[in-house]
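Let me begin by presenting the structure, written as structure tokens, before commenting on it.
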Amino acid sequence: MRHKIQHLSETEKIIMNFIWKAKRSVTTKELMDQLPEARNWKRNTTITFLSRLKEKGFLTATRISKANHYAACITEAEYLDFETKQFISDIHNGSAFGLVNTLIDNKDLSKEDIELLMKRLEDS
């Protein structure tokens, strides 16, 4: 059963980004050894974060020998899509036009960005 995607805390995002970039399952030890932020975490803290991510449906855990191997169940693209839709809904009352209009008004779009958007709109 697939979970409804939920918002990630900053720490959960750090862990998920590490796992997404790894493109494979990782152990708690790998995470603590290779993720700079995790070096300051206690082992139990790391395990708690991994358990929360598992409960939220972001990770699966497979026991191999004495270690859990954590793999992503949700792709980075799926999560970014969720966050983008949530942002547009929360900040721009569900209007993608409102978002683009704000970007244009604030001069946050380069000429190249606008050209790419125009091409994308023509192609859809």
Side-chain angles (χ1 to χ4, degrees):
M1 181 180 98
R2 186 107 189 196
H3 287 78
K4 180 178 178 241
I5 297 178
Q6 300 175 44
H7 179 72
L8 293 174
S9 71
E10 287 306 311
T11 303
E12 290 169 338
K13 278 184 205 170
I14 290 168
I15 292 170
M16 287 307 300
N17 283 329
F18 178 82
I19 294 171
W20 284 324
K21 281 182 181 53
K23 295 182 180 171
R24 61 176 176 77
S25 62
V26 300
T27 64
T28 306
K29 181 175 178 5
E30 282 180 280
L31 195 106
M32 293 184 74
D33 289 349
Q34 296 175 27
L35 186 63
E37 294 87 346
R39 291 186 184 136
N40 299 321
W41 302 339
K42 290 186 176 13
R43 182 172 170 75
N44 285 344
T45 302
T46 305
I47 291 169
T48 298
F49 281 121
L50 291 166
S51 293
R52 281 190 200 148
L53 286 164
K54 195 174 158 221
E55 286 169 23
K56 286 183 170 184
F58 279 85
L59 296 177
T60 58
T62 306
R63 190 86 171 163
I64 300 173
S65 187
K66 294 182 180 182
N68 277 331
H69 291 251
Y70 295 92
C73 302
I74 293 174
T75 67
E76 185 175 16
E78 288 172 318
Y79 183 69
L80 291 174
D81 184 54
F82 161 77
E83 281 289 5
T84 300
K85 287 178 180 171
Q86 195 67 48
F87 175 78
I88 291 170
S89 175
D90 292 349
I91 305 300
H92 294 281
N93 298 320
S95 170
F97 176 78
L99 170 63
V100 174
N101 203 38
T102 299
L103 293 172
I104 291 168
D105 287 348
N106 291 330
K107 309 225 182 318
D108 291 324
L109 294 175
S110 68
K111 185 176 181 188
E112 181 183 352
D113 290 334
I114 293 168
E115 287 170 3
L116 289 169
L117 277 170
M118 295 293 284
K119 177 153 179 34
R120 177 84 166 123
L121 288 168
E122 289 168 6
D123 291 347
S124 34

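The shortest side-chain heavy-atom distance between Glu10 and Glu37 does not fall under the 4.5 Å cut-off. Looking only at side-chain heavy atoms (C-beta outward), Arg52 and Thr48 come within less than 4.5 Å of each other. Looking at Tyr70 and Leu31, their side chains never come closer than 4.5 Å, going by heavy atoms from C-beta outward. No side-chain heavy atom of Ile19 sits less than 4.5 Å from a side-chain heavy atom of Phe58. Annotation: side chain of Thr102 is not in contact with side chain of Asp108 (no heavy-atom distance under 4.5 Å). Between Lys54 and Leu50 there is no side-chain heavy-atom pair separated by less than 4.5 Å. With contacts defined as side-chain heavy-atom distances shorter than 4.5 Å, the pair Asn93/Ser95 does not qualify. By the 4.5 Å heavy-atom criterion applied to side chains, Tyr79 and Met16 are not counted as neighbours.
Contact detail for Glu12 and Lys56: the closest heavy-atom pair is OE1-NZ, 2.8 Å. The shortest heavy-atom contact between Lys66 and Arg63 is O-NH2, 3.2 Å. Taking all atoms of both residues into account, the shortest heavy-atom contact from Gly57 to Cys73 is O-CB, 3.4 Å. Closest non-hydrogen pair, Val26 versus Ala22, comes out as CG1-CB, 3.9 Å.
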- Run the numbers on Ser110 and Asp113 for side chain to side chain donor-acceptor pair (under 3.5 Å), then give the verdict. CA-CA 5 Å; Ser110 68; Asp113 290 334; 3.2 Å; yes
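We find the CD1-CD distance between Ile91 and Gln86 to be 9.5 Å, quoted to the nearest 0.5 Å. Taken to the nearest 0.5 Å, the CD atom of Glu78 stands 13.5 Å off from the CD atom of Glu83. Taking OG1 of Thr62 as the reference point, atom CG of Asn68 lies at 8.0 Å (rounded to 0.5 Å). For the atom pair NZ (Lys23) and CD (Glu76), the distance works out to 9.0 Å, reported to the nearest 0.5 Å.
Judged by distance alone, the side chain of Ser89 and the main-chain N or O of Lys85 form no donor-acceptor pair under 3.5 Å. Side chain of Asn101 to main chain of Phe97: no donor-acceptor pair is present (N/O by atom type, distance under 3.5 Å, no hydrogens or angles). A donor-acceptor distance shorter than 3.5 angstrom exists from the side chain of Trp20 to the backbone of Ile74, with no hydrogens or angles considered.
Cluster annotation: Ile47 is not connected to Leu53 through the hydrophobic network of ILVMFWY side chains, with a link wherever side-chain heavy atoms come within less than 4.5 Å. Transitive grouping of hydrophobic side chains (ILVMFWY, heavy atoms separated by less than 4.5 Å) keeps Ile5 and Ile88 in distinct clusters. Taking hydrophobic clusters as Ile, Leu, Val, Met, Phe, Trp and Tyr residues chained together by side-chain heavy-atom distances below 4.5 Å, Phe49 does not share a cluster with Met32. Cluster annotation: Leu99 is connected to Ile104 through the hydrophobic network of ILVMFWY side chains, with a link wherever side-chain heavy atoms come within less than 4.5 Å. Ile114 is connected to Leu103 through a chain of hydrophobic side-chain contacts under 4.5 Å among Ile, Leu, Val, Met, Phe, Trp and Tyr, so both are in one cluster.
Lys13 NZ: more than 12 foreign heavy atoms inside a 6.0 Å radius. In this structure, Arg120 places its CZ atom where only 12 or fewer heavy-atom neighbours from other residues, nucleotides or ligands lie under 6.0 Å away.
Aromatic ring centres of Phe82 and His7: separated by at least 6.0 Å.
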